[in-house]
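See structure below.
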Amino acid sequence: MGIRFVLFVNKQGQTRLAQYYEHLSIDERRALEGEIVRKCLARTDQQCSFVEHRNYKVVYRRYASLFFLVGVDNDENELAILEFIHLFVETMDRHFGNVVIFINPNNFVSCDCKDTQAHDHADATVVFHLFHQCELDIMFHLEKVHFMLEEMVMNGCIVETSKQNILAPIQLMEKTS
C-alpha cells in the first residue's frame, strides 16, 4: 500500500493534521500518535529522520515548529518519502505564501534565524524558513490542507507531484466563492 498515515505535529506534541489510509479505531490512533510523537520529538537533530515503530517505518522532517511525520510500510523508500514531505511544504508555500525559500547560487547563506535549516540542492544552498504562521494556516484552513493532501495521495499511494496540478482545484474553488 505505501503510506499508512500522515501527521503534522507541533513541538508541544499537539496534532495539527492527521490522515490515515488504513482503518484504525480512535483509541488505536490516539495511542499510535502518542507513541510516535514522543519518539520523534525526543530525537536530536543529529539523528536520522527514520524511526521504526511497530510494523511501520516513520519518516519525519522538522520545519521550524512543525514536525511532518509519514508512516509507511517497511519496504518503502525513505528518501522518496522525505521528498514527498518537502513537496508538500513547497505546495503549502505556494498557496499560503509563508515559507520563504532563498536560493543562493554562490552557496553563501547569511541568516541568523534559529528556525532555519540549510540544505545543499542542485549546486545551490536552499534555505527553508517556515514562519509560525504556517501552523495557523493549517489550523484555520484545515480543509484546504486536507484537500492538498488528498490531491497528492490516494489510498496510500502518491498519485500527483505537480504543485500546479495539486493547487488547481483549490484555486478554482476560491475563484467561485
Side-chain angles (χ1 to χ4, degrees), residues 1-12 14-24 29 33 37 40 49 58-73 76-105 109 111 113 115-177:
M1 180 199 257
I3 296 175
R4 300 296 183 161
F5 59 85
V6 176
L7 301 172
F8 297 172
V9 180
N10 66 13
K11 283 198 254 185
Q12 290 75 35
Q14 299 167 318
T15 302
R16 295 301 180 201
L17 177 136
Q19 179 70 44
Y20 289 86
Y21 298 99
E22 66 179 358
H23 177 71
L24 293 173
R29 289 180 183 191
E33 286 178 28
V37 168
C40 290
S49 297
V58 179
V59 180
Y60 70 94
R61 191 160 186 182
R62 178 180 167 208
Y63 287 92
S65 64
L66 286 176
F67 285 82
F68 296 78
L69 298 92
V70 179
V72 297
D73 294 329
E76 194 69 37
N77 184 336
E78 299 94 343
L79 297 178
I81 299 303
L82 280 174
E83 283 296 316
F84 164 75
I85 293 170
H86 181 66
L87 173 67
F88 196 86
V89 170
E90 285 184 330
T91 304
M92 286 194 307
D93 168 49
R94 184 172 286 180
H95 185 72
F96 297 117
N98 291 323
V99 183
V100 180
I101 301 175
F102 301 99
I103 300 177
N104 185 339
V109 177
C111 183
C113 180
D115 290 16
T116 302
Q117 298 177 349
H119 302 279
D120 287 326
H121 180 37
D123 296 323
T125 300
V126 181
V127 179
F128 306 97
H129 180 93
L130 185 62
F131 292 102
H132 297 287
Q133 181 68 30
C134 183
E135 186 175 350
L136 294 176
D137 283 332
I138 291 171
M139 291 171 55
F140 293 125
H141 303 286
L142 189 61
E143 71 285 347
K144 289 180 184 175
V145 178
H146 268 287
F147 200 83
M148 286 179 207
L149 189 57
E150 289 170 0
E151 286 293 312
M152 295 174 74
V153 180
M154 184 178 295
N155 199 27
C157 297
I158 298 171
V159 294
E160 184 62 69
T161 58
S162 166
K163 288 175 252 182
Q164 183 177 354
N165 291 346
I166 294 165
L167 292 174
I170 295 171
Q171 292 165 344
L172 281 173
M173 286 190 311
E174 288 177 345
K175 272 186 183 179
T176 58
S177 51

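The first residue of the sequence shown is numbered 1, and numbering continues consecutively from there.
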Can you tell me how far OG of Ser49 sits from CD of Glu78, rounded to the nearest 0.5 angstrom?
10.5 Å
Who pairs with Phe88 by ring pair (Phe, Tyr, Trp, His ring centres under 6.0 Å), at least two apart in sequence or on another chain?
Phe8
When rounded to the nearest 0.5 angstrom, what distance separates CE in Met92 from CG in Leu167?
11.0 Å
Take the angle between the ring planes of Tyr63 and His86 and call it parallel below 30°, perpendicular above 60°, tilted in between.
parallel
Residues which pass salt bridge (Lys or Arg N to Asp or Glu O under 4.0 Å) with Glu160, listed by chain and number, not counting sequence neighbours
none
What's the shortest heavy-atom distance between Gln14 and Asn10, and which atoms?
OE1-ND2, 2.7 Å
Test side-chain hydrogen bond (donor to acceptor under 3.5 Å, both in side chains) applied to Gln171 - qualifying residues, sequence neighbours left out:
none
Got a second to check how far Ile166's CD1 is from Glu90's CD, nearest 0.5 Å?
10.0 Å
Is a side-chain N or O of Asp73 found less than 3.5 angstrom from the main chain of Gly2, in a donor-acceptor match?
yes
Using side-chain heavy atoms (C-beta onward) and a distance below 4.5 Å, is Tyr21 in contact with Val6?
yes
Contacts of Ala18 that satisfy side-chain contact (heavy atoms from CB on, under 4.5 Å) - sequence neighbours left out:
Leu7, Thr15, Tyr20, Glu33
Are the side chain of Arg61 and the backbone N or O of Phe68 linked by a donor-acceptor pair below 3.5 Å?
no
Applying side-chain hydrogen bond (donor to acceptor under 3.5 Å, both in side chains), name anything that partners Ser162, two or more places apart in sequence or on another chain.
none
Side-chain heavy atoms of Val58 within contact of Phe5, under 4.5 Å
yes
Taking C-beta and beyond as the side chain, do Ile3 and Phe84 meet within less than 4.5 Å on heavy atoms?
yes
Under 3.5 Å, which donor-acceptor pairs do the side chains of residues 138-154 form with other protein atoms, sequence neighbours left out?
residue : atom : partner : partner atom : Å
Lys144  : NZ   : Glu174  : OE2          : 2.7
His146  : ND1  : Gln19   : OE1          : 3.1

